[in-house]
Amino acid sequence: MTPRPNVFGLDRAELGGAVESLGEPAYRGRQLYGWLYRKRARSFDEMTDLSKAFRRRLAAAFDLRWPALAERQVSRDGTVKYLFALDGGATIESVYIPEQKRRTICISTQAGCPLKCAFCLTGIAGYRRNLKPEEILGQVAVVMTDAPRQQQAWNIVVMGMGEPLLNYEATVAALRILMDPGGFAVAPKKLTLSTVGILPALEKLMTEPVRPNLAISLHAPDPELRRKLMPIEERYALSDVVAAAQRYPIPRGGRVTYEYVLLGGVNDSPVQARELARLLRGSRAKVNLIPLNPAPEIPFDPPSPRAVEEFHRILLEGGVPASVRKPRGQDVLAACGQLHLKDRAAALTPSASTAPRPQP
Ligand code: SAH
């Protein structure tokens, strides 16, 4: 028996077509859209303003499925790491990060990643496939439903596994529904897409009517070093990426974020900090310094706390706003691409709760 197609993940037009194919008027599609993405119903039964007969026909023609949760781990600091098992056997990760004034969901766009950045576990583990819109949106639906009821606004960062701009159509389809006031209603300024700078796709993103914030993974102030850390530099050069990013339309006063993973003795020297400040000074830029999350598979060391402090200070003195990312969820390997490496999951610290929970 072939499985019924999943109704979760379909956009307004697709839902309109789906309900019409079942002999219902198009406005039923709008109702269905609200149930799926605003109210995040788990079954057709909950959709009480649709007739019982129509709900039966919907359930006969479609499934309503969120990605299957394979593992859920809670860190001492409240960070929750989710591992999803997708159709076909691939696994992906999402992370929930509670903070004082906000809470953030970090989502994946590919199972694995083809880019092979030298310090990134996802790249080291290899590439499986692009995620579908339902799989990208589904991560958000599961995490939002699972999180404690709180007032703080949601932030979403597309900084999990994969390169979102290598999966443009599915990623943008998901982001549209996330940012739609009639959908998940996440404010565009609360959503950040992180990319190495796939230029043709970045240009395309600039023309979208509603756009997320932009973060660029830079990691080196010069092309020679960047090439060693990020093979994609061969294809899309640092100077072109920065030039394109600076044309990205953001509201007045907004800035493009440049992520810079600090690797001890590799890209964390004062000279490199000054070079980075020169590169970005005077542009609408801010730098997010990320001390490396080390792992046995990663052939680099974290920077010393002193190097981080010095690098940060030089950027600020050089006129470039900068912040240092606090590590979160380290006891549950929530850092980067760690949980889906099964052999390592066995090495979890006992403080982490590893009990899988039924899907919310
Ligand atoms: N492909 C996209 C999004 C995923 S990576 C991109 O590269 O931007 C999200 C961020 O996590 C990137 O800035 C990436 O460089 C960083 N990252 C990857 N591995 C890391 C590690 N071991 N420690 C710290 N940051 C890491």
Side-chain angles (χ1 to χ4, degrees), residues 9 11 13-14 90 92 106-120 122-123 126-137 156-180 188-189 191-251 254-261 279-280 283-288 337:
D11 64 16
E14 290 163 337
I92 54 156
C106 176
I107 57 172
S108 299
T109 54
Q110 297 183 310
C113 184
L115 292 178
K116 305 222 166 296
C117 299
F119 50 84
C120 177
T122 306
Y127 173 69
R128 291 289 291 266
R129 65 171 172 85
N130 276 333
L131 300 190
K132 298 183 251 174
E134 69 191 70
E135 293 166 332
I136 300 171
L137 273 181
I156 297 180
V157 295
V158 186
M159 294 185 185
M161 298 166 70
E163 168 50 51
L165 294 189
L166 288 178
N167 185 13
Y168 187 89
E169 292 306 330
T171 298
V172 168
L175 295 190
R176 282 193 199 113
I177 295 174
L178 288 176
M179 294 187 286
D180 183 349
K189 61 173 192 226
L191 213 159
T192 302
L193 180 142
S194 175
T195 176
V196 297
I198 306 295
L199 287 176
L202 183 56
E203 295 290 345
K204 206 162 152 198
L205 188 65
M206 294 192 208
T207 67
E208 296 287 339
V210 185
R211 290 168 306 273
N213 289 327
L214 181 66
I216 297 286
S217 286
L218 208 58
H219 309 320
D222 64 88
E224 290 71 33
L225 178 59
R226 193 170 190 254
R227 193 169 301 129
K228 287 188 197 139
L229 301 176
M230 305 172 69
I232 195 69
E233 172 70 19
E234 294 292 349
R235 195 79 188 273
Y236 303 114
L238 180 145
S239 54
D240 296 339
V241 170
V242 173
Q246 288 306 316
R247 282 190 288 103
Y248 190 78
I250 31 181
R255 289 175 184 275
V256 172
T257 300
Y258 290 88
E259 293 162 278
Y260 195 102
V261 173
L279 179 71
L280 299 177
S283 45
R284 301 168 313 155
K286 63 179 177 203
V287 173
N288 190 2

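We use all heavy atoms of the structure for the numbers below, so side chains are in, but hydrogens, waters and symmetry mates are not.
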Tell me whether Y168 contacts the main-chain N or O of L205 through its side chain, where contact means a donor paired with an acceptor under 3.5 Å. yes
Might you point out which heavy atoms bring L137 and A174 nearest each other, and give the distance in Å? CD2-O, 3.6 Å
From the list K116, R226, R227, salt bridge (Lys or Arg N to Asp or Glu O under 4.0 Å) partner of E234 resolves to R227
For L131 and S108, which heavy atoms make the closest approach, and how far apart are they? CD1-O, 3.4 Å
Whether R247 and E203 form a salt bridge (side-chain N of Lys/Arg under 4.0 Å from carboxylate O of Asp/Glu) is what I want to check. yes
Is the shortest heavy-atom distance from the side chain of I198 to the side chain of I232 under 4.5 Å? yes
Do you know the tightest heavy-atom contact between M179 and L191? CG-CD1, 3.4 Å
Which atom of P221 lies closest to which atom of L279, heavy atoms considered: O-CD2, 4.2 Å
Heavy-atom closest pair (N167 atom, A170 atom, distance to 0.1 Å) is OD1-CB, 3.4 Å
Hey, could you give me the CE/CZ distance between M161 and R128, rounded to the nearest 0.5 Å? 9.5 Å
Verify, without hydrogens or angle tests, whether E163 (side chain) and V196 (backbone) share a donor-acceptor contact under 3.5 angstrom. yes
Measure from the side-chain N and O atoms of E233 to the backbone N and O of K228, and report whether any donor-acceptor pair falls under 3.5 Å. no
Separation between OG1 (T109) and CD1 (I92), nearest 0.5 Å, reads 9.0 Å
Calculate, to the nearest 0.5 Å, the distance between atoms CD1 and OG1 belonging to I136 and T171 respectively. 4.0 Å
Between CZ on residue R211 and NZ on residue K189, distance to nearest 0.5 Å: 15.0 Å
Heavy atoms of E135 and N130 approach each other most closely as OE1-O, 4.4 Å
Kindly indicate, with the supporting measurements, whether the criterion side-chain contact (heavy atoms from CB on, under 4.5 Å) is fulfilled by L238 and L218. CA-CA 7 Å; L238 180 145; L218 208 58; 4.2 Å; yes
